[in-house]
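Down below is the structure, laid out as structure tokens.
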Amino acid sequence: MSAQPTPARAASLRTPFTELVGIEYPIVQTGMGWVSGPSLTSATSNAGGLGILASATMTYEELEAAIAKTKSLTDKPFGVNIRADATDAPQRIDLLIREGVKVASFALAPKQELIAKLKDHGVVVIPSIGAAKHAVKVASWGADAVIVQGGEGGGHTGPVATTLLLPSVLDALAEKDIDMPVVAAGGFFDGRGLAAALAYGAQGVAMGTRFLLTSDSAVPDSVKQEYLKRGLNDTVVSVKVDGMPHRVLRTPLVEALESGNSVKALFAAARNANEFKQMTGMRWTSMLKDGLSMKKSGERTWQQVIMAGNTPMLLKAGLVEGDTRAGVLASGQVVGMIEDLPSCDELIQSIMHEAHERLKVLASLG
Ligand SMILES: Cc1cc2nc3c(=O)[nH]c(=O)nc-3n(C[C@H](O)[C@H](O)[C@H](O)COP(=O)(O)O)c2cc1C
């Protein structure tokens, strides 16, 4: 028998976003705490997308080492996700500039002067946002592009689905004549999703859960198998995990928290919150600021304030140490549509082949 011919590589697809960051395909692997390390990030960038290292769960020294490692694995552009409220955010930003990192991504937008500094040194600034008014605001602060994450998305997430949040952001920017690339996130996993996002007027897609479930992610295989078993109804947005709406897999811990049976969770919370604080250099004030202001307004219980400091350690126990009993596993609803663990290259190629096919069919309708 003759060997199967290798399928041709998908044609590149250029959008203002791919031009801005210098990549071949309009696909971003987002910065996921404990998940987006050098192997996943470099594999995404080598496959023609934009890989982003997650630094919120790294010490400064670990971030330094992760950037060096990623640079040794790829010569393509990649990004780093930074918590704008970390005590050492300015030093981390200096590190990105010194190391020539192409993209700085932020869950919360940093101060205007930090955005200006990054841009002066040629670093592309991409905050993630969950509301149209925030897109307009960060554009006025000088952001180069935004990632818009709809409610389907994993981790901290908002209430509005991508199908509505995305056009609302695009409309708000158009109304103000702001020409800024928008990347859609929350619920994407295949080429149909990319074609749909482009049809809305976005310039690319960003995916978290889909990249967690690749052979290039360092998450233990037993944990990946736990994700693969889950269906579309097996995630929940809980505010009981850390006080902010957090989309996670339904686990016994999450079910206990949701039902108010949380004595064990509270015990683990107090122990792990301190460990996380020492590890990442976060200030207690930063960790608890949001929680305390919500506490004052009567929205958050003390248990939630403590859980806010604890959640990163619970996520680490699952995503790094493979102990799924810890019970906090961030995940998008899209987990219910994912059944395999391709490499980043296989994933991006299949998405691009399918997207080109869908776009051709759509063009032929007209
Ligand atoms: C395991 C996991 C960890 C995450 N950690 C972070 C994080 O540290 N910082 C952040 O800005 N977003 C984080 N997110 C959100 C993702 O960056 C991304 O916006 C989201 O996963 C997109 O939705 P999707 O899962 O449907 O693709 C996380 C998501 C997951 C699934």
Side-chain angles (χ1 to χ4, degrees), residues 16-129 138 141-147 180-181 183 185 203-204 206-208 211 216-218 280-282 344 348:
F17 176 71
T18 63
E19 300 300 295
L20 176 70
V21 296
I23 55 174
E24 194 179 359
Y25 304 122
I27 298 176
V28 177
Q29 162 256 308
T30 60
M32 290 172 281
W34 305 118
V35 176
S36 307
S39 67
L40 182 60
T41 301
S42 60
T44 306
S45 291
N46 282 333
L50 180 75
I52 299 182
L53 284 173
S55 88
T57 46
M58 292 178 188
T59 61
Y60 179 86
E61 290 72 27
E62 285 167 345
L63 175 60
E64 225 174 4
I67 291 174
K69 178 83 184 161
T70 308
K71 281 168 75 170
S72 77
L73 296 171
T74 184
D75 53 7
K76 302 271 173 58
F78 68 93
V80 173
N81 181 262
I82 296 176
R83 268 197 79 131
D85 59 348
T87 42
D88 59 357
Q91 288 93 304
R92 288 179 188 233
I93 282 168
D94 287 344
L95 175 65
L96 264 56
I97 291 170
R98 221 168 36 244
E99 291 298 321
V101 171
K102 181 75 187 176
V103 171
S105 99
F106 294 92
L108 305 162
K111 293 196 184 94
Q112 264 172 286
E113 60 262 28
L114 290 180
I115 296 183
K117 185 173 186 184
L118 283 162
K119 291 182 54 149
D120 283 350
H121 290 85
V123 184
V124 176
V125 178
I126 310 182
S128 291
I129 51 113
V138 298
W141 290 356
D144 296 294
V146 281
I147 294 177
M180 175 174 69
V183 176
Q203 267 107 38
M207 304 185 295
F211 276 107
D216 292 306
S217 101
T280 61
M282 283 282 287
C344 288
I348 289 180

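Side-chain atoms are counted along with the backbone in the values below, which use heavy atoms only and exclude waters and symmetry mates.
Rounding to the nearest 0.5 angstrom, the gap separating the OG1 atom in Thr41 from the CG atom in Leu53 is 4.0 Å. One distance of note links CG of Leu40 with CE of Met32; it measures 5.5 Å at 0.5 Å rounding.
Residues passing the side chain to side chain donor-acceptor pair (under 3.5 Å) test with Lys119 are Asp144, sequence neighbours excluded. Take Lys111 and apply the salt bridge (charged side-chain N to carboxylate O under 4.0 Å, His left out) test, not counting sequence neighbours, and it matches no residue. Qualifying salt bridge (charged side-chain N to carboxylate O under 4.0 Å, His left out) partners for Glu64, counting only residues two or more places apart in sequence or in other chains: none. Evaluation of the side chain to side chain donor-acceptor pair (under 3.5 Å) rule for Lys117 yields Asp94 as partners, not counting sequence neighbours. Every side chain to side chain donor-acceptor pair (under 3.5 Å) that Ser36 has, sequence neighbours left out, goes to Gln29.
For the residue pair Gly49 and Ile23, the shortest heavy atom distance occurs at O-CG2, 3.5 Å.
Side-chain atoms of Arg92 come within 3.5 Å of backbone N or O of Ser55 as a donor-acceptor pair.
Taking the side chain as every heavy atom from C-beta outward, Pro26 and Thr18 approach each other to under 4.5 Å. In this structure the side chain of Thr30 never reaches within 4.5 angstrom of the side chain of Ile52, judged on heavy atoms. Side-chain contact between Val80 and Ile67 is present, with heavy atoms from C-beta onward closer than 4.5 Å.
Screening residues 97-107 for salt bridge (Lys or Arg N to Asp or Glu O under 4.0 Å), with sequence neighbours left out, gives Lys71-Glu99.
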